[in-house]
Amino acid sequence: MDKYSFLNSAHTAYFAELYEQYLNNPDTVEPSWRAFFQGFDFGIENAEGQAIAGTVEVPESVKKEFQVVRLIEGYRTRGHLFTKTNPVRNRRTYSPNLDVENFGLTQEDLSTVFNAGSIVGIGPSTLATIVEHLQKTYCESIGVEYMYVRNVEKKEWIKERLHQNENHPNFNPDQKKHILNKLNQAVSFENFLHTKYVGQKRFSLEGGESLIPALDTMIEAAADKGVQEFIMGMAHRGRLSTLTNIFGKSPKDIFSEFDGKDYDELVFDGDVKYHMGWTSIRTSDNGKRINMNIAPNPSHLETVGAVVEGITRAKMENKFNGDSSKVLPIIVHGDAAIAGQGIAYEIAQMARLKGYSTGGTIHIVVNNQIGFTTNYLDARSSTYCTDVGKVTLSPVMHVNADDAEAVVHAVLFALDFRMQFKADVFIDLLGYRKYGHNEGDEPRFTQPKLYKAIAAHNNPRDIYAEKLIAEGIIDRDYVKNEEQAYKSGLEKNLQVSRNEETTLVTPFMEDEWQGYQRVDELGMHPEIITA
Ligand SMILES: Cc1ncc(C[n+]2csc(CCOP(=O)(O)OP(=O)(O)O)c2C)c(N)n1
């Protein structure tokens, strides 16, 4: 009798699940099964899909089930390499790809029903349906890296979450309009500055505008989950837009800074508009009172991350008796900076230490594929700029910044993960940079091909508006009216700012620092009489 006659097609669903469990965590599988699967894998790897006689002879139907399980694992492990996440360039080619043939399956198998569909939550399904489900879940606007996560609970949570709605959002028309509204603010704000302050540096967010709806949704959702304090750190890129469209800094104060007015405090001088911190207390859409800080940041990239963690930890201890669910640190990085700066690694390493933990940080990279003039291929050895996140086995989502809904979906995932597991999570927002590093640079000198593609590319608001028009949620006038309303608000602010003489400096974290002595220049350098 065949040594492996116990493997019959009737039990393929069970075997498929067991094999999946073995692939995920061999130690949890009973030893004799483990030995069996090891033999099976050996056979697959050494005989191009044919089990070796005398090692494991498995009925064809069972073998195919196992191969479908391997295909599923292939998507989970490497699907992120084959996504449509780059809005302006083709991706590099990775091999082997996820074609069924690379998993010992054939085109003829596409119409066969496999029990392995149950593993991804769709029940027994044809191979074609399983592949379609996997493509949608793992290879569209969001690429997910998580199979290295060792903690079984976390990994299962992520899998479960991804297979709901095939990792696609399901927003209602009001939510969609809200996303469009925040995108409109981001796009119109940059346009306005572009025409009013021609050639002046602003480190525009254009190409990464979906950061604004992403932050907005995340903060609102976090407030609903009980977060009371948001502590954010970010560098130059998109900071002005974030200050006004997320933190509520009045545009008139930003305009005053562009007009080069003196600050009302003498210690401030020069190019400080992308460096100053800001504090605001606001009421969320659902009536929750929240406190938001954006830390002042020095030019030295990534340093602010450590400051954010310190402020968060201090608030967590002083205000909430160590409860990290009441505070949320958010660090926004540049792609070259996070990949290149050693401090990003140091901060990652400190994330779980008893003395430093802040209950997980949400890291968002505004990835414009360029650092100053350096193309990403010349800027790092790792595949992704976020690879430092793997030091702590943190999940990473790479998202096409042109797909605003996917971006919002990804940050909501990140928020839920952070709140559930008190651990770091990374979002790689893959966009582009519309102009030079700053608006005075000419990017076509160093990146002529890329900038040709960028020049021909629509902004993310218009892309999203087209989608909502096609869905019948808005009409064409809707966007025009939104843009007009927002810009006329900016115009009024501009007029007010032109009547003011100085630029207001709003103290950062004034409440928390009450009672502390503020050092002034004279205090720092008291005159010492040496005569
Ligand atoms: C530690 C440090 N090194 C170098 C610089 C100079 N510098 C300023 S911006 C920049 C490019 C940063 O690129 P990226 O992080 O991708 O952000 P982007 O400007 O593209 O948004 C560099 C090298 C700096 N400010 N700090």
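When a ligand or atom number is given, it counts from 1 through the structure's own listing order.
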Look at [atom] and say which protein heavy atom is nearest, naming residue and atom and giving the distance to 0.1 Å.
atom: atom 16 (O) of ligand 1; answer: D335 OD1, 2.8 Å
atom: atom 21 (O) of ligand 1; answer: R237 NE, 2.8 Å
atom: atom 8 (C) of ligand 1; answer: L301 CD1, 4.0 Å
atom: atom 23 (C) of ligand 1; answer: F372 CD1, 3.9 Å
atom: atom 15 (O) of ligand 1; answer: A337 N, 2.9 Å
atom: atom 19 (O) of ligand 1; answer: H236 NE2, 2.8 Å
atom: atom 13 (O) of ligand 1; answer: G371 CA, 3.4 Å

Can you find a non-hydrogen atom of [X] under 4.0 Å from ligand 1?
X: E302; value: no
X: N368; value: yes
X: H300; value: yes

Taking only heavy atoms of [X], which atoms of ligand 1 are found under 4.0 Å from at least one of them?
X: H437; result: 9 (S), 10 (C), 11 (C), 19 (O)
X: G334; result: 14 (P), 15 (O), 16 (O), 17 (O)
X: Q341; result: 1 (C)
X: S299; result: 24 (C), 25 (N), 26 (N)
X: A336; result: 13 (O), 14 (P), 15 (O), 16 (O)

| request: Report the part of V366 (side chain from C-beta onward, or backbone N, CA, C, O) that has a heavy atom under 4.0 Å from ligand 1; answer both or neither where that applies. | output: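 Neither part.
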| message | Counting only heavy atoms closer than 4.0 Å, does ligand 1 sit against the backbone of R433, its side chain, both, or neither? | response | neither
| query | Relative to the ring of H437, is the ring of F372 parallel (under 30°), tilted (30 to 60°) or perpendicular (over 60°)? | reply |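 Geometry flag for H437 against F372: parallel rings.
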| said: Here's a test for you: under side-chain hydrogen bond (donor to acceptor under 3.5 Å, both in side chains), which of N184, N245, N181 qualifies with Y486? | reply: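 The side-chain hydrogen bond (donor to acceptor under 3.5 Å, both in side chains) with Y486 is passed solely by N245 among N184, N245, N181.
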| query | Does the pair H398 and E145 meet the rule for a side-chain hydrogen bond (donor to acceptor under 3.5 Å, both in side chains), with working shown? | reply | CA-CA 8 Å; H398 307 279; E145 290 187 280; 2.7 Å; yes
| field | Any donor-acceptor N/O pair, Q447 side chain to T373 backbone, under 3.5 Å | value | yes
| field | Verdict with reasoning, Y432 to D402, per side chain to side chain contact (heavy atoms under 4.5 Å, CB included) | value | CA-CA 10 Å; Y432 55 93; D402 265 1; 4.1 Å; yes
In terms of side-chain geometry, is the basic nitrogen of [X] or [Y] positioned less than 4.0 Å from the acidic oxygen of its partner?
X: E257; Y: R202; result: no
X: E209; Y: R461; result: no
X: E190; Y: K434; result: no
X: R161; Y: D416; result: yes

| request: Check step by step if side-chain hydrogen bond (donor to acceptor under 3.5 Å, both in side chains) holds for D462 and N459. | output: CA-CA 6 Å; D462 291 349; N459 72 52; 3.3 Å; yes
| request: Quick one: do N438 and H236 satisfy side-chain hydrogen bond (donor to acceptor under 3.5 Å, both in side chains)? Show the steps, please. | output: CA-CA 10 Å; N438 62 54; H236 48 284; over 6 Å; no
| Protein non-hydrogen atom found under 4.0 Å from atom 6 (C) of ligand 1 |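 There is no protein heavy atom less than 4.0 Å from atom 6 (C) of ligand 1.
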